[in-house]
Amino acid sequence: MVKIGLEVHAYLNTHTKLFCSCSTIGITEAVENSRVCPTCLGLPGSKPVLNSSAINVGLKIALSLQCKLPKEMFFSRKTYFYPDMSKNYQITQYEIPIASKGKMESADESGKPFSVSITRLNLEEDPAKIEHVGGSITEAKYTLLDYNRSGLPLCEIVTDPVFKTPRQARLFLQNLEAVLRYIGALHPLFSLKADANISVTGGERVEVKNVTGYREVERALQFEIVRQNNLVRRGEKVERETRLWDAQAKVTRTMRKKETEEDYGYIFDPDLPRFSISKESMKIISKTLPELPREKIARFIKSGVPREIAKSIAGDLQLALFFEKLKSKSAPRWMLLLKKTLNYNDILVSEIKLSPEQFEKLIVAVEKGELSERAGELILREAILKPEKLTKLIEDNRTLSEKELKKIISEVIKKEKSAAKILRKGNRKALEFLVGKVMKASDRKAEPKNVKKMLRKL
Amino acid sequence: MWIKEAQELDKKYNIFITLAEKAEGKFPLAVKDNICTDGLRTTAGSKILHNYIPPFDATVVQRLKAVGAAVVGKTAMDEFGFGTFSVNCAYKVPKNPLNTDRSCGGSSGGSAAYIAASKHAKFALGQSTGGSISCPAAFCGVVGLTPTYGLVSRYGLIDYGNSLDKIGLLAKTVEDAAFALGIIAGHDPKDSTSLPLERRGYAKHCIPQDLKIGVPKEYFESVETGVEKAVWVAIKKLEAEGIEYREVSLPSTKSALFSYYIIAMCEASTNLAKYCGLRYGLSENPEGRSFNEYFSSVRTKGFGQEVKRRILMGTFARMAGYREAYYLKALKVRANVIAEFKRVLKSVDVLAAPTMPMIAPRFSEIASLTPLQHYTSDVLTVPANLAGLPQISVPCGKSEGMPVGLHFIGNHLAENKIISAGWFAEKIFGGKHG
């Protein structure tokens with residue numbers, strides 16, 4: 001059995017850094033080291049001042065993920081030496097994080113809803129951006145540091161090891177990003193960064209770092225499963241270690257072995273007082289939140305959408321937002337088809353070119369009987385990325401009128417006299433055979449049900 | 001004129017690490033070298049910051065400049081404040097102006113010596129973590145005022161133990177100290193631990209108040225006879241003037257010392273991690289070395305022995321496996337110490353005790369002390385500092401010709417009471433030192 005847990009880092013959508021007033025707006029385009037001050041450079045005598053809006057954004061995430069909040073929280077110093085650290089300690093949360101024990105509705109690869117348990121959320125500052133020029137840290141000719149990144153507010157979101165496949169982990173990441181963007185918690189210039197913990201039966205836990213992009217997360221995890229299972233099969237040990245994903249070579253490589261936990265010598269950050277969140281401020285924050293996926297599920301069910309379908313749709317926020325624009329009665333069922341098509345083509349809802357209005361047109365055509373179900377599904381596959389073809393596809397695949405169908409049937413029967421003869425005696429095989437012939441002759445534009453009905457009447 | 005005097009005093013007593021080139025304003029101001037001054041070298045007494053010129057003023061410096069302060073120089077101190085006698089110095093060791101064979105106390109030794117010797121300056125900026133204002137004030141026969149933790153902004157103070165550090169004053173008189181406190185105290189949004197209090201005057205508290213004084217019996221246990229005598233004479237004099245005292249007990253005095261050193265060293269060991277030769281301060285050619293080798297090399301060269309000792313001990317006490325037994329336990333002890341002070345200060349207004357258990361020692365005597373003996377000489381100043389309580393040391397007499405300090409300790413934000421007590425005592429004992 002495979003167990004996967006994720007450690008996700010989200011850049012928070014605030015105007016200023018976590019502990020100073022340097023601007024974060026358009027930060028990735030800013031000239032290197034232009035958004036810095038004594039505090040984020042770690043100059044002697046500087047002090048951190050907590051950006052309360054980072055707390056508010058953190059609390060928004062906590063509410064959306066149905067987390068428990070502590071009575072009182074504080075920041076700690078995590079001390080280790082690394083060139084990208086302005087103080088050689090990171091201000092983060094250790095004993096008591098901003099929130100813990102939450103959950104998020106997601107869906108697995110078959111579209112089945114599943115709830116992801118969240119271990120904890122903590123706020124922390126980002127280190128500087130580091131660039132080793134001419135190789136890795138040991139081989140580089142020199143190293144460049146950009147402190148614009150230093151002090152950006154990050155929220156670390158840790159899940160329990162609930163994912164059984166790499167695909168589930170990837171779907172969750174896509175979904176989480178959608179939720180965080182939807183509630184306005186994620187900095188518009190950043191995606192989520194994720195480290196993963198993965199273990200197979202009979203092996204130790206391995207941490208995989210340095211993965212950019214959700215597709216890559218899936219690939220790195222797939223590689224790890226194969227690697228770890230091979231070790232177990234050969235009777236070798238899967239050691240506890242941290243591995244880096246090499247996206248070019250498509251392999252993971254050992255970064256450091258850990259016999260024991262690293263020792264960061266945590267102390268409470270004495271520059272930052274303890275603080276608590278009042279019930280009033282929580283009320284204000286919850287009022288700023290839009291309708292969350294779990295609330296959507298409840299509303300969908302109330303409006304008559306079957307429970308499983310409602311969960312499956314709202315397990316993907318983008319899908320839910322898409323669905324909300326549809327009015328047709330059969331829309332819920334079509335959303336499942338859409339989801340299937342997306343998975344089949346390995347694309348995201350956000351990558352769909354087809355607008356909800358165009359999708360609706362297709363659904364209506366099927367509802368009216370102008371298109372067969374099957375034709376509708378095939379058109380969806382093609383139009384999802386090429387909506388400009390939609391009108392023509394519907395026209396070309398239109399179901400035949402009764403008159404047109406009658407004409408084709410009489411032509412087929414003329415050709416297949418012997419089959420027609422047995423058919424009249426009630427032979428089922430002959431019916432099947434003739435339906436197939438009619439379908440072929442009609443260029444598959446006929447609805448098989450109708451063909452059967454008409455053939456029986458002969 | 002002020003610069004000239006500062007240069008002369010520096011020649012005699014090694015008071016300054018860095019002297020300003022010019023000082024124009026309404027009054028001269030000496031600043032302890034761990035308080036940042038815009039454009040004027042600030043080393044915190046360490047070689048690792050030998051070339052560091054801050055791009056900003058500490059809030060206290062900014063506030064004093066706004067009322068006419070002219071910074072004359074940055075005063076000598078133990079490296080990063082790690083010491084009791086201003087001998088753990090990367091630069092020169094300051095001498096006591098009353099007897100140059102003796103220490104001027106630490107770690108704000110330079111500022112105390114300057115106030116003792118200057119004809120122009122009325123007060124100077126000092127800073128206390130575990131007694132670094134009161135100790136040199138007592139040894140140099142000047143007034144030392146350490147405010148409640150959080151009353152004065154720490155923005156711009158180079159950190160030692162952030163939960164303990166307090167900027168305060170060395171002054172000629174209690175009134176001078178109280179006046180200066182009125183300028184530097186009050187909320188500063190740049191320091192999150194700064195209390196939300198508006199600025200107000202403190203000199204108005206230089207009036208007699210009806211105060212009940214408590215004398216903690218534990219504070220006489222390891223005190224030199226001469227100092228003990230002088231302090232009791234002072235207490236009796238106050239009694240004769242109608243200020244009654246009664247004996248009180250602070251049983252956790254000794255455990256406070258251990259708690260203090262553990263917390264201070266844990267915090268210090270993280271604060272000092274940033275000095276690695278990367279963006280400022282001491283640096284060398286990194287060619288051919290890994291970042292770890294480079295950091296280690298710079299830190300080995302830049303830090304003095306006492307600094308290394310405290311980094312090692314502080315790191316040890318917060319390591320997984322020891323954290324519980326040392327760091328977290330020290331925090332619990334601290335909470336007990338605070339509760340004990342609070343309980344005693346319900347029945348009395350201020351506590352009175354010897355500031356230091358000895359007079360300013362000779363340098364030759366200091367040389368023979370072990371690190372542990374150094375640390376235990378702070379036993380009288382540490383508990384109040386650990387608890388964040390305000391303190392004032394005023395000269396109250398002499399022993400072997402050297403001044404003895406009387407220490408008044410008040411409740412949190414009871415600056416009015418310790419100022420009143422200090423001011424009254426100063427009147428009774430005959431005012432300025434000398």
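Numbers restart at 1 for each chain; the letters A, B, ... are given by sequence-line order, proteins then strands. These values consider heavy atoms only, across backbone and side chains, with no hydrogens, waters or symmetry-generated copies.
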Between G45(A) and C36(B) the two heavy atoms that sit nearest each other are CA-SG, 4.3 Å
Heavy-atom contact with chain A under 4.5 Å, split by part of P54(B): neither
Is the shortest heavy-atom distance from the side chain of P44(A) to the side chain of L49(B) under 4.5 Å? yes
Report which part of L145(A) has an atom under 4.5 Å of a heavy atom belonging to chain B: side chain, backbone, both, or neither. side chain
Residue P189(B) versus chain A: region with a heavy atom under 4.5 Å: backbone
If I measure from the heavy atoms of chain A, does A320(B) come under 4.5 Å with its side chain, its backbone, both, or neither? both
When you scan chain A against chain B, which donor-acceptor pairs turn up at less than 3.5 Å?
{"residue": "L41(A)", "atom": "O", "partner": "R279(B)", "partner atom": "NE", "Å": "3.1"}
{"residue": "G42(A)", "atom": "O", "partner": "Y280(B)", "partner atom": "OH", "Å": "2.8"}
{"residue": "G45(A)", "atom": "O", "partner": "G156(B)", "partner atom": "N", "Å": "2.7"}
{"residue": "K47(A)", "atom": "NZ", "partner": "R154(B)", "partner atom": "O", "Å": "3.3"}
{"residue": "K47(A)", "atom": "NZ", "partner": "L157(B)", "partner atom": "O", "Å": "2.8"}
{"residue": "K47(A)", "atom": "NZ", "partner": "D159(B)", "partner atom": "OD1", "Å": "2.8"}
{"residue": "P48(A)", "atom": "O", "partner": "S192(B)", "partner atom": "OG", "Å": "2.9"}
{"residue": "R77(A)", "atom": "NH1", "partner": "T270(B)", "partner atom": "OG1", "Å": "2.6"}
{"residue": "R77(A)", "atom": "NH1", "partner": "N271(B)", "partner atom": "OD1", "Å": "2.8"}
{"residue": "R77(A)", "atom": "NH2", "partner": "N271(B)", "partner atom": "OD1", "Å": "3.3"}
{"residue": "S86(A)", "atom": "O", "partner": "R279(B)", "partner atom": "NH2", "Å": "2.4"}
{"residue": "K87(A)", "atom": "O", "partner": "K274(B)", "partner atom": "N", "Å": "3.4"}
{"residue": "N88(A)", "atom": "ND2", "partner": "A273(B)", "partner atom": "O", "Å": "2.8"}
{"residue": "E95(A)", "atom": "OE2", "partner": "R323(B)", "partner atom": "NH1", "Å": "3.1"}
{"residue": "E95(A)", "atom": "OE2", "partner": "R323(B)", "partner atom": "NH2", "Å": "2.8"}
{"residue": "Y147(A)", "atom": "OH", "partner": "R279(B)", "partner atom": "NH1", "Å": "2.9"}
{"residue": "D263(A)", "atom": "OD1", "partner": "A320(B)", "partner atom": "N", "Å": "3.2"}
{"residue": "D263(A)", "atom": "OD2", "partner": "A320(B)", "partner atom": "N", "Å": "2.9"}
{"residue": "G265(A)", "atom": "O", "partner": "R318(B)", "partner atom": "NH1", "Å": "3.1"}
{"residue": "Y266(A)", "atom": "O", "partner": "R323(B)", "partner atom": "NE", "Å": "2.7"}
{"residue": "Y266(A)", "atom": "O", "partner": "R323(B)", "partner atom": "NH2", "Å": "3.2"}
{"residue": "F268(A)", "atom": "N", "partner": "Y327(B)", "partner atom": "OH", "Å": "3.0"}
{"residue": "D271(A)", "atom": "OD1", "partner": "R154(B)", "partner atom": "NH1", "Å": "3.1"}
{"residue": "D271(A)", "atom": "OD1", "partner": "R154(B)", "partner atom": "NH2", "Å": "2.8"}
{"residue": "D271(A)", "atom": "OD1", "partner": "N162(B)", "partner atom": "ND2", "Å": "3.0"}
{"residue": "D271(A)", "atom": "OD2", "partner": "N162(B)", "partner atom": "ND2", "Å": "3.0"}

With a 4.5 angstrom heavy-atom cut-off, is it the side chain or the backbone of I158(B) that approaches chain A, or both, or neither? both
Given a strict heavy-atom distance threshold of 4.5 Å, which part of I35(B) is in contact with chain A: side chain, backbone, both, or neither? neither
Given heavy-atom pairs under 4.5 angstrom as the criterion, report whether the side chain, backbone, both or neither of L331(B) touches chain A. side chain
